[in-house]
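In what follows, a structure is listed as C-alpha cells, so that the remarks can point back to it.
Each chain gets a letter, A, B and so on, in the order its sequence line appears, and its residues count up from 1. Note that this is a predicted model, so its numbers are computed, not measured.
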2 protein chains.
Amino acid sequence: MERIEKYRSKGLKLTPQRLAILEYLDGNTSHPTAEDIYRAVKKKHPTISFATVYNTLQALLEMGEVMELTIDPERKHFDPNTTPHHHIVCTRCGKIGDVFVDYSSALELPPEVTEEFTPISNHIDFYGVCKKCNKTKRRTK
Amino acid sequence: MERIEKYRSKGLKLTPQRLAILEYLDGNTSHPTAEDIYRAVKKKHPTISFATVYNTLQALLEMGEVMELTIDPERKHFDPNTTPHHHIVCTRCGKIGDVFVDYSSALELPPEVTEEFTPISNHIDFYGVCKKCNKTKRRTK
DNA sequence: TCCAACTTTTGAATAATTCTAATTCAAGAA
DNA sequence: TTCTTGAATTAGAATTATTCAAAAGTTGGA
C-alpha cells in the first residue's frame, strides 16, 4: 500500500485526492468505512466528495489493493491489508481487530457440503468484547 | 420455528401475516432476504407491507428465533436456524449453503488478540462455487 | 506544451431499511 | 360473545449508504 509507483504502473492516475486516500489507508488497521475515509481526507482536501472516495475504493478493490469487509450489517468497512486474515469484532462498540492465523487446514468441510460446493477460501468473524468495553459497565438496558 | 404456542407465550401477537411469515421461514434453508420473504408472503396476503416483514423479523431477532447474516454486502439475509453453524457462499450466483460443523476447538486465538478481546463466538464464511455454476461456462468478462 | 482520457465534483438517483400516523385487529377480560 | 386496549398493519414519507450523470478540471504521455 506504499509505493505510489505501483499505482501509476497499474494505470491509476494519481491525483492529490487519491494520494491522500492512499496515505490514509497505508498501514491503517482501523478498518474504516467510506465515511471514515471521507472525513479523514476532508481535513486536507475540504472539497473532496464522497463519490471520489467510492470511486477510488472501487479502483483499489479492482486492483486487489483493499478488501471489503461485510462484518458490519450497517455499512461496508475496508481493509488495506489484503493478506488473508480474519477479524474479531467487539459486540459492544464495534471495534474490529485482525487475526493473523491461517486456520484453513483445520476447516475441513463435510462431504454433504463438498458435494454441492467447491470451496475456495474462507473468512472467520470472531465476536467478543474489547478490553475497553470490558472495563466499562454494561449499560443496563 | 414451529409451534405457534411458543410465540404467543413470548408475547408475540399472532396475526395472519405473521403466521404466513413464520410458515414461510419454518425449515427454510434458502437464507432469504427481507424481499424474498415479502414476495413469498405476498402471494397469500397481497396487501402485506414491507414494514410488516421488517417488524416481524425484528421481533423474531429479539426473541432469538432468527439470525441475521451479513455474508452479502448488498442486503441482509435471514436464517431461521439459530443453532450455531457456518455458511458457504457461491461466488458466482450467491447461493448460500449451511455448514453444520463446530470448529471452535480448532480456532484458538493468539495472545495478542486475547489481550485485546475476550472472545465469545465465531462464524465462518466459506467461499466457493456451487455445482450448478461449475457446470455453467464462466462468463468471459 | 498539448490534449485525450481519466477524475473530481455536485447533485440527483437508487436501494435497503426505518419511521410515522392513522387504521385495524388479536386476545384477554367481562 | 362482546368489549377494550395495547399492539400490529398499512401506505407512504424519511433515512442512510451507495451509485450514477454531466459538466468542469487534471494527469501524464507524446
Side-chain angles (χ1 to χ4, degrees), chain A residues 3-24 31-63 65-78 94, chain B residues 3-24 31-63 65-78 94:
Chain A
R3 61 185 81 286
I4 61 176
E5 267 317 313
K6 180 171 59 179
Y7 297 102
R8 204 177 339 244
S9 69
K10 287 196 183 181
L12 190 71
K13 252 177 207 180
L14 291 177
T15 64
Q17 294 87 336
R18 285 187 169 178
L19 287 170
I21 292 173
L22 290 173
E23 186 184 358
Y24 174 72
H31 310 87
T33 62
E35 189 179 3
D36 293 333
I37 298 169
Y38 173 71
R39 277 210 300 265
V41 174
K42 205 172 186 181
K43 289 174 188 166
K44 287 194 175 175
H45 296 273
T47 69
I48 199 172
S49 69
F50 251 110
T52 296
V53 173
Y54 279 110
N55 281 345
T56 303
L57 284 172
Q58 186 55 45
L60 293 175
L61 278 172
E62 282 165 12
M63 292 170 62
E65 292 296 330
V66 296
M67 282 175 54
E68 191 177 277
L69 305 185
T70 59
I71 304 182
D72 179 349
E74 305 317 320
R75 56 190 63 73
K76 293 173 186 170
H77 290 249
F78 297 89
Chain B
R3 62 185 79 284
I4 61 176
E5 267 318 311
K6 177 170 62 178
Y7 297 103
R8 201 170 350 234
S9 69
K10 287 196 184 180
L12 190 72
K13 242 174 215 182
L14 292 176
T15 64
Q17 294 88 335
R18 286 187 168 176
L19 287 170
I21 292 173
L22 290 173
E23 185 184 1
Y24 173 72
H31 309 88
T33 62
E35 189 179 1
D36 292 333
I37 298 169
Y38 173 69
R39 278 210 300 266
V41 174
K42 206 172 184 180
K43 289 175 188 165
K44 286 193 176 177
H45 296 273
T47 69
I48 198 171
S49 70
F50 251 110
T52 296
V53 173
Y54 279 109
N55 282 344
T56 302
L57 284 171
Q58 187 56 44
L60 293 175
L61 278 171
E62 283 165 11
M63 293 171 60
E65 291 297 329
V66 296
M67 283 174 53
E68 192 177 277
L69 305 185
T70 60
I71 304 181
D72 179 349
E74 306 316 320
R75 55 190 66 74
K76 293 174 186 168
H77 289 248
F78 297 88

(request) With heavy atoms under 4.0 Å as the rule, sort B:Pro73 into base, sugar-phosphate or nothing. (result)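 Since no nucleic acid heavy atom lies under 4.0 Å of B:Pro73, the category is nothing.
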(request) Examine the side chains of B:Thr52 and B:Asn55 and answer whether a donor and an acceptor come within less than 3.5 Å of each other. (result)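 B:Asn55 and B:Thr52 do not have a side-chain donor-acceptor pair below 3.5 Å.
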(message) Closest-nucleotide mapping onto DNA chain D: is A:Ala51 or B:Ile48 further toward the 5' terminus? I mean the 5' end.
(response)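 Comparing both residues, the 5'-ward one is B:Ile48.
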Taking the minimum atom-to-atom distance to the side chain of [X], which one of [options] wins?
X: A:Pro16; options: C:dT9, D:dT27, D:dA17; answer: D:dT27
X: A:Lys13; options: C:dT7, D:dT9, D:dA11; answer: C:dT7
X: B:Tyr54; options: D:dT9, D:dG28, C:dT17; answer: C:dT17
X: A:Arg18; options: D:dT10, D:dT27, C:dT8; answer: C:dT8
X: B:Thr15; options: D:dG28, D:dT9, C:dT17; answer: D:dT9

(request) Specify the angle, to 10°, made by the local axes at the two ends of the helix from C:dT1-D:dA30 to C:dA30-D:dT1 when five pairs are taken at each end. (result)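 Taking five pairs per end, the axes differ by 30°.
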(message) Salt bridge or not between B:Glu35 and B:Lys76? Use side-chain N to carboxylate O under 4.0 Å.
(response)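 A salt bridge is absent here (no side-chain N lies under 4.0 Å from a carboxylate O).
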(request) Between B:Leu12 and B:Thr33, name the one whose nearest nucleotide on DNA chain C is closer to the 5' end. (result)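 Result of the comparison: B:Thr33.
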(message) So, applying side-chain contact (heavy atoms from CB on, under 4.5 Å) with A:Val41, which one of A:His45, A:Lys44, A:Lys43 is it?
(response)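 Among A:His45, A:Lys44, A:Lys43, the one meeting side-chain contact (heavy atoms from CB on, under 4.5 Å) with A:Val41 is A:His45.
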(request) Let me know the distance between CD of B:Glu74 and P of D:dT18, rounded to the nearest Å. (result)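 Those two atoms, CD and P, are 9 Å apart.
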